[in-house]
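What follows is a single structure, written as structure tokens, with notes after it.
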Amino acid sequence: MNVPHDEGADPDEFGFLADNAREVGVAPGAVAPVRRVAVDSEAGAVSALVWGFGPPEVVFLHGGAQNAHTWDSTIISLGHDAVAFDLPGHGHSHWRADHDYLPDANARSLLGPLRALAPTAGTLVGMSLGGLTALRMVASTPGLVERLVLVDITPGVTREKAKAITDFTSGPESFASVDEVLERTIAFHPGRSVASLTRGVVHNTRTRPDGRVVWRWDSIRSHDAGHDFSPLWADVAALTVPTLLVRGLASAVVDDDDVARMRASCADLTVVDVPDAGHSVQGDDPVALAGAISDFARL
């Protein structure tokens with residue numbers, strides 16, 4: 001049995017898009033239409049944001065403790081039809097009763113929804129947990145997409161490398177207000193604009209019936225940053241599609257040894273470094289990320 005957790009929908013889910021557009025230098029009137037949809041899967045309903053007028057060209061998978069809106073600025077800057085999924089246990093997607101959100105379980109849950117919403121998409125983009133999920137999907141399903149983009153993640157991630165992230169996500173279970181959540185978020189992300197962090201907090205929280213504010217992700221998970229993801233190096237070696245690794249140089253999650261192993265293991269690898277970005281490159285420099293994806297995919 002999987003658990004629906006879609007209570008407390010955003011009162012105006014797309015009300016921030018004009019702000020996103022202005023921050024990446026796009027006229028608000030030029031932003032493509034976006035709608036929320038849900039597709040059934042073995043993990044329950046998987047929710048997604050579908051952008052544009054035609055079949056999505058690019059698919060986006062966010063990181064752990066995030067949601068599909070983390071890609072808003074990147075997708076607006078990219079300017080192409082796209083779909084961004086909420087991973088199981090995140091955003092508006094159902095929570096799994098077994099709390100298994102490891103890459104293999106995620107990959108099985110998302111394969112059907114991806115084929116349903118983006119059957120002709122050429123590029124799959126995944127960040128952090130979404131990147132490892134995307135890696136698993138592409139390696140295990142030949143012909144799924146033509147290109148893979150990994151954003152600041154490799155199978156070499158460890159608890160030590162991800163400490164800054166887990167310190168943030170391991171905070172209080174609930175908060176007295178959205179302002180309290182925002183205060184904590186700003187403290188952990190001093191280089192990000194308050195406007196950007198405010199959007200993220202609004203999209204990633206909900207208010208319980210008792211008035212307490214909680215995150216929109218399942219805090220009971222079958223893994224943490226200490227999980228051994230190294231078996232996924234075999235998936236890197238199995239890749240048959242061109243792969244782009246985008247690294248945030250202000251992040252400790254991907255180090256030089258990881259890059260060297262990616263180069264040695266992956267038959268067709270491009271590496272792009274984003275100098276002032278941390279782990280969430282899409283939040284710190286969405287324009288640079290969109291440019292790297294566009295150049296790589298020849299959009």
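Note that the coordinates shown come from a computational prediction; the quantities given were computed from them, not determined experimentally.
A salt bridge links R108 with D104: the distance from a Lys NZ or Arg NE/NH1/NH2 to an Asp or Glu carboxylate oxygen falls below 4.0 Å. A salt bridge does not link D86 with R216: every distance from a Lys NZ or Arg NE/NH1/NH2 to an Asp or Glu carboxylate oxygen is 4.0 Å or more. Under 4.0 Å is where a charged nitrogen must lie from a carboxylate oxygen, and between D19 and R22 at least one such pair does. The existence of a salt bridge linking D98 and R96 is confirmed by a sub-4.0 Å separation between a basic side-chain nitrogen and an acidic carboxylate oxygen.
To the nearest 0.5 Å, the span separating CG on L197 from CZ on R192 amounts to 5.5 Å. To the nearest 0.5 Å, atom OG of residue S196 and atom CG of residue N20 are 7.5 Å apart. Atom OG1 in T207 sits 12.0 Å away from atom CZ in F175 (nearest 0.5 Å). Taking CZ of F85 as the start and CH2 of W71 as the end, the distance is 13.5 Å to the nearest 0.5 Å. Residue R136 holds its CZ atom at 12.0 Å from CG of N106, rounded to the nearest 0.5 Å.
Ring pair W51/F14: centre-to-centre distance not below 6.0 Å. Within the 6.0 Å centre-distance limit, the rings of F229 and H227 are counted as a close aromatic pair. In this structure, F16 has its ring center under 6.0 Å from that of H203.
No hydrogens or angles considered: a donor-acceptor pair under 3.5 Å links the side chains of N204 and N67. Counting only N and O atoms by type, the side chains of Q282 and H62 include no donor and acceptor under 3.5 Å apart. Between the side chains of R36 and S47, a donor-acceptor pair is found at a separation under 3.5 Å. In this structure, a donor-acceptor pair under 3.5 Å is absent between the side chains of S128 and Q66. With 3.5 Å as the limit, one finds no donor-acceptor pair spanning the side chains of D179 and S177.
The only option from D256, D285, D152 that meets the salt bridge (Lys or Arg N to Asp or Glu O under 4.0 Å) definition with R247 turns out to be D256. Considering L249, V281, L289 in turn, V281 is the only one that fulfils the side-chain contact (heavy atoms from CB on, under 4.5 Å) rule with V274.
Ring-plane geometry between F188 and F168 is classed as tilted, the angle between the planes lying from 30 to 60 degrees on a 0 to 90 degree scale.
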